[in-house]
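Take a look at the structure set out below.
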Amino acid sequence: MFLTDLVPIIDIVLCRCIISNIRYLIAVVYIPPDVSCQDLEIFLNALEVLLINENVILIGDFNVPQFSKQGGAFCPKSSVLTDFCYVVRLTQCNSFSNFYGNILDLLFVNNSEQFNIDHLIPALVPEDRHHPALFITVTIPLTTKNSSFPSSNNCRYNFRRANFCRLYEDLCDINWSFLDSIDDVNLALDKFYDSLYLIINLHVPLTKQNKSNFPPWISSDIKQIIKTKNYHRHLWMRTRCPHHYQEFKKLRAVLKRQISEYYHFYLAKIQEDVKSNPAALWRFLHQKKGTSRIPNHLVDDDNTEYAEPQKIVDAFASTFERAFSPVDSSPPQFSSCSLSSFSLSHVREEDLIPIMAKCSNNLTAGDDSIPSFMVRDCRFLLAKPLAIIINLALRSGSFPGRWKRNRIIPVLKKDNPHLLSNYRPISILPNFAKVFEQVLYRCIDGNVHSYISENQHGFMTGRSTVTNLAVLTQDLCESLDRRGQIDVIYTDFSRAFDTISHNILLVKLHRFGCSDTLMKLLSSYLTGRVNYVFYNGYTSSEFISTSGVPQGSNLGPLLFNIYLNDLFSSLRCSCLAYADDVKIYNNISSIVDTVLLQTDLDKIVQYSSENKLFLNTKKCYYVTFTRKLQPIVTSYGIGLESLERKTSVKDLGVIFDSELTFNDHIKCVSSSASKSLGFIMRVSKYFNDIDLLKSLFFSFVMSKLEYASIIWYPIYLCQHMPLDRIHRKFLKYLSYKLDGFYPSRGCDMVILLQRHGLMSLSSRRDGQCANFIVKLINNRIDCASLLSKVEFNVPQFSSRHVVTFYVPSPRTNVLCRSPISVMCKCANKLVSDVFLG
């Protein structure tokens with residue numbers, strides 16, 4: 001067998017068995033302790049090819065005792081074995097150590113819930129000190145439950161079969177001048193939709209939203225064969241007639257052959273049309289993942305279970321409705337404004353056409369069922385009636401009621417998908433309402449953008465999660481390099497977007513200079529919004545928004561930033577925010593500094609109370625960043641409740657540890673990227689298009705390997721290795737796809753990169769860091785605190801070396817890997833390479 005030919009000193013036995021119609025591949029392996037890490041990697045790479053799409057039971061003596069110990073991933077053999085498990089989706093189940101406290105016998109399976117391991121006492125044979133006797137129990141499920149959310153049979157417009165030529169011709173014939181004589185904006189909008197639906201009903205057929213249980217490669221011919229096969233099987237089970245049994249056997253063989261042929265034809269078609277029809281590829285990938293956005297079984301906070309689709313969407317509606325704050329009956333108290341007033345009185349057709357042109361080319365539609373692509377394609381025909389309706393809304397100060405109907409889609413935030421509380425509501429608004437919102441957004445943002453605090457990095461042009469983290473990381477690195485200490489307090493507002501008080505928001509808008517007519521329109525926009533949860537054709541009961549701004553709208557994020565803006569001016573310590581994720585921090589040199597940080601935390605608590613926001617104290621915590629042997633330890637609290645002190649925290653997708661080593665983050669990134677690479681290798685078993693495989697790798701894997709790399713830039717070999725190993729594994733997989741076998745042992749990484757036209761991870765990271773500073777100094781990244789720390793180098797007249805940025809010599813490697821140092825060094829290196837050729 002080729003596995004033993006690759007590494008002869010490794011023994012392995014494989015067999016297949018079928019239990020309850022489920023096929024298992026059972027492998028028993030012995031890996032001697034003197035096997036090198038390179039040989040182990042070669043063996044496991046070859047074993048991946050056999051196990052990649054199988055139900056696996058892999059057991060044996062691996063002689064890698066560090067694998068089951070905490071921190072064992074830093075052992076080279078343990079890292080190789082860990083990556084192998086992530087790719088093949090295996091979990092190690094054995095936790096019984098031997099006499100010496102090591103675990104040498106490992107059991108790897110796909111579904112650990114089906115396996116139970118006990119220490120067998122007494123053993124059948126005399127027990128070895130190195131290998132305790134184990135008793136393994138396997139529970140095989142009789143049926144596999146489908147966890148997807150079912151679809152209803154509601155009718156909807158099928159724009160894929162519309163007669164667009166006739167539709168556009170009829171739209172051209174409409175004379176929209178009758179809208180000029182209507183004074184009520186809601187009546188005008190009703191007349192607009194009546195004319196639009198009259199034409200759509202003529203040229204766009206209706207279809208039932210019935211989700212097929214068959215995968216997309218199952219044709220109508222195959223469905224007929226399945227139906228006939230089941231017919232003969234039923235008759236044979238009832239009559240035991242040999243004729244029906246022979247027909248059943250014959251059709252079963254034909255069915256297997258045709259399914260295989262159609263499946264391969266379907267994959268070939270996906271590869272051929274990937275550029276013209278990428279949606280087909282993504283549908284195939286989502287089908288292969290076998291997951292649904294919403295499962296068919298959910299539980300609320302009271303442990304009430306919901307299993308019926310209609311009850312599930314109604315439960316979502318009740319959960320989202322409870323998040324709103326009660327209606328504030330007291331009128332808003334406006335004060336004088338020191339800023340110049342601004343308003344929006346008129347909109348031209350020419351202003352709407354560029355906005356409508358930016359609508360996406362898809363079938364996304366709100367409550368009015370008008371898809372986004374139709375708004376874009378018909379912009380020259382519909383801009384005139386829209387301008388009339390919007391101008392009427394501006395004059396009357398009333399936002400149309402039909403554009404205030406929100407179709408809510410539940411989106412999982414994190415953790416358990418079966419808990420209702422782990423979802424947040426995303427509003428799918430009518431596309432025409434989005435056009436109107438964009439008009440308002442441009443007006444308001446153009447007048448208030450310069451007044452939004454630079455501490456806010458969410459929903460701001462030129463700022464992002466990376467700029468937020470870069471500011472924090474730079475301050476942390478500078479403090480640790482000076483043997484200092486920084487305490488960071490992370491706060492969490494509970495459902496901040498849903499609990500915003502409309503009256504308080506209007507008062508703050510007035511302070512920014514909104515005119516009375518614009519305030520009246522925004523008040524109409526915020527109040528009386530009707531919501532309902534919609535998923536796979538099921539619609540919940542309606543409920544009214546009594547607070548908050550719609551998530552998923554164009555205007556909502558800007559209004560939220562305006563609402564939270566005055567918080568930052570009241571704080572004395574450093575503060576950073578990304579939307580509602582607010583953290584405050586301070587250099588701690590004495591107990592006085594901790595008191596100042598606690599004072600700012602008290603201000604946040606007071607602010608949240610005054611502005612009707614709610615701090616979730618269970619999700620508020622603090623981290624002490626220092627490398628001191630005896631740091632200043634204190635306790636921070638909210639009211640009478642003390643905050644939890646953590647040694648590491650996940651901040652905007654990056655894991656920070658208290659000593660700023662980023663080892664935990666790199667380990668997490670490598671494991672997540674390995675799992676994604678395994679998914680690519682599983683779904684691409686029959687793919688031969690190398691460009692397609694590269695696109696999948698960059699979408700699923702490289703995006704994880706490179707996210708915010710300027711923050712956790714690796715400088716040690718032990719940090720480079722797990723990331724480079726994933727990249728190398730993919731390059732070898734590409735070679736396997738081209739040649740039919742893996743590259744020879746010890747193949748140079750440079751050769752693999754050149755063959756497939758890719759850059760190394762380190763080169764890509766350096767290029768991204770250099771690109772970051774180029775954007776920073778050219779104002780494409782709006783972060784003044786970072787820009788102020790960039791120092792330009794003024795070379796001497798006789799200088800031979802071109803050094804653009806001055807990088808001071810750091811005392812420790814902590815400052816050496818700080819964002820400013822990394823981006824300046826990468827930019828200097830890039831400029832030097834260009835000049836020196």
Side-chain angles (χ1 to χ4, degrees), residues 154-168 170-172 174 176 189 192-193 195-201 203-207 209 276-283 286 293 347 349-387 389-390 393 399-400 402-411 425-442 459 525 529-537 539 550-558:
N154 294 344
C155 290
R156 59 182 177 85
Y157 287 120
N158 185 2
F159 281 92
R160 299 183 186 277
R161 297 187 177 182
N163 186 347
F164 290 108
C165 293
R166 295 293 304 275
L167 188 148
Y168 293 152
D170 288 353
L171 284 178
C172 292
I174 298 179
W176 298 104
L189 187 61
F192 168 74
Y193 274 120
S195 302
L196 202 56
Y197 288 141
L198 183 62
I199 296 175
I200 291 177
N201 291 332
H203 305 298
V204 182
L206 293 174
T207 184
Q209 185 174 345
S276 60
N277 186 22
L281 171 64
W282 293 107
R283 282 196 299 268
H286 288 308
R293 192 190 312 182
V347 174
E349 295 180 35
E350 294 80 6
D351 300 328
L352 298 180
I353 291 176
I355 297 176
M356 299 169 72
K358 293 183 178 181
C359 292
S360 57
N361 185 25
N362 55 38
L363 293 170
T364 302
D367 180 74
D368 59 2
S369 300
I370 306 299
S372 178
F373 81 90
M374 185 174 175
V375 177
R376 185 200 64 178
D377 294 346
C378 300
R379 57 188 181 276
F380 296 104
L381 305 177
L382 301 178
K384 180 178 180 179
L386 275 183
I389 294 172
I390 291 175
F399 199 88
R402 294 185 71 162
W403 285 353
K404 293 196 293 185
R405 291 183 57 84
N406 302 337
R407 176 180 290 178
I408 303 295
I409 303 296
V411 175
I426 295 298
S427 300
I428 307 299
L429 308 179
N431 289 295
F432 293 125
K434 290 182 180 180
V435 175
F436 191 9
E437 283 193 4
Q438 192 63 34
V439 173
L440 296 174
Y441 178 91
R442 293 186 176 187
F459 314 119
Y525 168 82
R529 302 191 72 89
V530 179
N531 309 276
Y532 63 90
V533 178
F534 178 87
Y535 193 72
N536 274 11
T539 303
Q551 300 185 53
S553 64
N554 294 327
L555 202 54
L558 176 61

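A 6.0 Å sphere centred on CZ of Arg166 holds no more than 12 heavy atoms belonging to other residues, nucleotides or ligands.
Between Ile355 and Arg442, some side-chain heavy-atom pair lies under the 4.5 Å cut-off. Residues His203 and Leu171 have side chains not in contact (no heavy-atom distance under 4.5 Å, counting atoms from C-beta outward). Contact check for Thr207 versus Arg156: side-chain heavy atoms found under the 4.5 Å cut-off.
Side chain of Asn554 to backbone of Lys434: a donor-acceptor contact under 3.5 angstrom is found. Remark: side-chain polar atoms of Asn406 are not paired, donor with acceptor, to backbone N or O of Ile408 under 3.5 angstrom. Between the Asn431 side chain and the Ile370 main chain, a donor and an acceptor come within less than 3.5 Å of each other.
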Stepwise side-chain contact (heavy atoms from CB on, under 4.5 Å) check, Leu429 with Arg529: CA-CA 11 Å; Leu429 308 179; Arg529 302 191 72 89; 3.9 Å; yes
For Tyr168 and Asp377, run side-chain contact (heavy atoms from CB on, under 4.5 Å): C-alpha distance rounded to whole Å, both residues' side-chain angles, the deciding distance at 0.1 Å, then the answer. CA-CA 9 Å; Tyr168 293 152; Asp377 294 346; 3.6 Å; yes
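When only modelled atom types and interatomic distance are considered, Ser360 and Ser372 share a side-chain donor-acceptor pair under 3.5 Å.
Judged as a side-chain contact (heavy atoms from CB on, under 4.5 Å), and not counting sequence neighbours, the contacts of Arg405 are Asp367, Val530, Tyr532, Glu542. Residues that satisfy the side-chain contact (heavy atoms from CB on, under 4.5 Å) test with Leu363, not counting sequence neighbours, are Phe159, Arg160, Pro371, Phe373. Every residue two or more places apart in sequence or in another chain that forms a side-chain hydrogen bond (donor to acceptor under 3.5 Å, both in side chains) with Tyr193 is listed here: Asp368, Trp403.
The minimum heavy-atom distance linking Lys404 with Tyr525 is given by the pair CD-O, 3.8 Å. Residues Pro557 and Ser553 come closest through the heavy atom pair CD-O, 3.3 Å.
Remark: Arg379 CZ to Cys359 SG distance equals 9.5 Å, nearest 0.5 Å. Interatomic distance, CZ of Phe534 versus OG1 of Thr539, reported as 5.0 Å (0.5 Å rounding).
Between Phe432 and Phe192, the ring planes are perpendicular. Angles over 60° get that label, and only those under 30° would be called parallel.
Of the candidates Ile353, Val435, Leu196, Leu352, Leu382 forms a side chain to side chain contact (heavy atoms under 4.5 Å, CB included) with just one, namely Leu196.
Under a cutoff of 6.0 Å and an axis angle of 45°, Arg161 and Tyr157 do not form a cation-pi pair.
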